[in-house]
Amino acid sequence: MLSIIGWSLIGGAYLCNAYPAFESVFLKNRYNKRKLIENLFKSFTNGEFYKKVNGNEIYPTLLRCDTKRDNATFVFTIPRGLEPDTFIKKDYVFKQHFGKHIDLKVDVSRVVLKVYPEGLPSEFKYRYDDVTESIKGLKLPIVCGQNLEGSIYSFDMVTNPHMLISGETGSGKSSELRSILTTLIKLKNPTDLRLVLGDLKRSEFHLFKNIEHVEGVYHSAEELHPALKKVKKEMTNRGNMLDEEGVNSIDQLKVKLPYIMVCIDEVALLKKETDIMDILEEISSIGRSLGVFVVLSMQRPDSKLLDGKLKVNLTVRMGFKTADLTNSKIIGTPGAEKIETPGRMLLKVNSAMQEIQCPLLENKQAEKLLKPYKVKEIVEEEQQPEDDEYSKLRELFNNEET
């Protein structure tokens with residue numbers, strides 16, 4: 001029922017010949033909101049989202065409904081005794097009523113459902129200037145892409161350590177890797193970040209050869225193993241430093257140490273290399289406090305490779321298009337098998353999952369962005385201060401003795 005003020009607005013708008021505009025904005029919004037709420041309660045009925053108590057059906061209570069130009073948000077309760085995972089397992093019911101572009105967040109007592117009629121763009125081009133706004137204040141930022149809110153989503157690997165990326169050929173995995181590494185190289189000084197890159201297919205990381213931040217690009221287990229042994233030795237040194245100063249992470253040390261990121265493409269080719277896999281598992285277990293992180297990528301997820309501690313410690317999953325549900329479950333992103341758009345992924349950070357359109361960064365564009373960071377000349381060791389921790393780490397990697 002309209003209030004006195006509402007009727008006054010209608011009357012004034014009518015006298016001023018503005019009623020059609022008023023109707024299209026005010027009344028139409030009220031109608032759309034009512035229809036949205038009707039759809040929500042229909043989804044409760046059709047999805048059987050209720051708890052039976054003494055023969056009565058107790059449904060969720062709508063706490064809030066907010067509508068904006070490009071999305072709508074519902075907040076509603078979970079009836080006591082109803083399993084919260086029921087809403088996640090039956091998310092398809094909400095998609096049947098509101099379209100496939102939804103975001104569902106469920107806790108013990110309530111649900112937040114966001115509906116996006118327009119969904120994600122089919123392409124999101126990488127621009128470094130746009131990316132920098134989303135990574136302010138992050139120690140080791142990982143750029144993921146555009147979310148349903150229309151914003152660039154990034155997370156801090158120091159807070160959410162270690163990541164698995166998986167998807168079929170052409171799904172967008174390579175572009176995501178280029179975007180992550182290019183952003184880090186442009187953002188961080190070589191004294192703040194060191195990269196150890198494993199390119200087992202010889203197809204992903206050629207752009208990053210001779211970059212100041214890169215310790216090396218390794219193409220086989222034989223090449224990669226010595227480099228990882230040096231990383232392990234550095235982890236031991238850092239652990240001793242933490243013990244001596246009585247702190248929990250390298251960020252609390254008096255001396256500043258660079259973060260180390262080990263990024264391996266097609267890690268499935270290393271599943272028989274037990275020494276290498278043991279080191280990767282150790283990094284995933286204790287690397288966070290030591291400032292050492294791992295990013296693993298593969299086309300087809302391997303259940304044997306990702307069994308045990310390694311899989312548990314990869315707190316972030318990027319699931320691009322997979323062949324079937326089995327593969328998407330191995331990654332930890334069920335639903336990735338339904339993806340149809342190149343560059344689209346399901347991003348899971350801890351337990352929260354969302355749909356993301358990853359940045360499109362072509363090889364030529366990345367090469368242009370990375371050109372200023374190519375090594376032009378070798379700096380003599382005596383030019384580095386003896387007490388500089390960065391130079392000590394460089395000496396470790398340059399030392400051929402393992």
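Computation of the quantities below employed the complete heavy-atom set of this structure, encompassing side-chain atoms and omitting hydrogens, waters and symmetry-equivalent molecules.
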Aromatic plane relationship, Phe41 with Phe44 - under 30° parallel, 30 to 60° tilted, over 60° perpendicular: perpendicular
Under 4.0 Å between a Lys/Arg side-chain N and an Asp/Glu carboxylate O for Lys35 and Glu38? yes
Going by atom types only, do Ser297 and Asp265 share a side-chain donor-acceptor pair under 3.5 Å? yes
What pairs meet the side-chain hydrogen bond (donor to acceptor under 3.5 Å, both in side chains) rule with one or both residues in residues 268-278, with sequence neighbours excluded? Lys271-Asp302
To the nearest 0.5 Å, atom OG1 of Thr61 lies from atom CZ of Phe76 at 11.0 Å
Does a side chain donor of either Ser284 or Asn313 reach within less than 3.5 Å of an acceptor in the other side chain? yes
Quick test of your reading of the model: are Glu367 and Lys371 salt-bridged, counting only N-O distances below 4.0 Å? no
Looking only at heavy atoms, which two atoms of Pro60 and Phe87 are closest? And how far apart? CG-CZ, 4.2 Å
Is any NZ, NE, NH1 or NH2 atom of the basic residue among Arg64 and Asp66 found under 4.0 Å from an Asp or Glu carboxylate oxygen of the other? yes
Whether Asp103 and Lys105 form a salt bridge (side-chain N of Lys/Arg under 4.0 Å from carboxylate O of Asp/Glu) is what I want to check. yes
Decide yes or no on side chain to side chain donor-acceptor pair (under 3.5 Å) for Tyr126 and Thr182, but give the supporting numbers first. CA-CA 10 Å; Tyr126 178 95; Thr182 300; 5.9 Å; no
When the aromatic ring centroids of Tyr218 and Phe205 are compared, is their separation below 6.0 Å? no
To the nearest 0.5 angstrom, please state how far the CZ atom of Phe293 sits from the CE atom of Met163. 11.5 Å
Considering only NZ, NE, NH1 and NH2 on the basic side and carboxylate oxygens on the acidic side, decide whether Arg344 and Glu355 come within less than 4.0 Å. yes
State, without any angle test, whether Asp192 and His213 hold a side-chain donor-acceptor pair at a distance under 3.5 Å. no
For the NZ atom on Lys186, are there more than 12 heavy atoms of other groups (residues, nucleotides or ligands in this structure) within a distance under 6.0 Å? yes
Given the rule in the salt bridge (Lys or Arg N to Asp or Glu O under 4.0 Å) test, do Lys374 and Glu212 qualify, once you have shown the distances and angles that lead to the verdict? CA-CA 6 Å; Lys374 291 283 185 179; Glu212 295 173 321; over 6 Å; no
Does CD belonging to Glu340 count more than 12 external heavy atoms closer than 6.0 Å? no
Which pair of non-hydrogen atoms, one from Lys89 and one from Tyr92, has the smallest distance, and what is that distance? O-CE2, 3.5 Å
Are more than 12 heavy atoms, taken from residues, nucleotides or ligands other than Lys338, located less than 6.0 Å from that residue's NZ atom? no
Between Asp251 and Tyr259, a side-chain donor and acceptor under 3.5 Å: yes
Just by distance, no angles: are the side chains of Ser134 and Ser154 close enough, under 3.5 Å, to form a donor-acceptor pair? yes
Measure across Ser175 and Leu360 and return the closest heavy-atom pair with its distance rounded to 0.1 Å. OG-CA, 3.4 Å
Closest non-hydrogen atom pair between Val231 and Val292, with its separation: CG1-CG1, 3.9 Å
Shortest non-hydrogen contact from Lys329 toward Pro334: CG-CB, 4.3 Å
Using the side-chain hydrogen bond (donor to acceptor under 3.5 Å, both in side chains) rule, collect all pairs that involve residues 156-173, keeping only residues at least two apart or in two chains. Asn160-Asn350, Thr169-Gln299
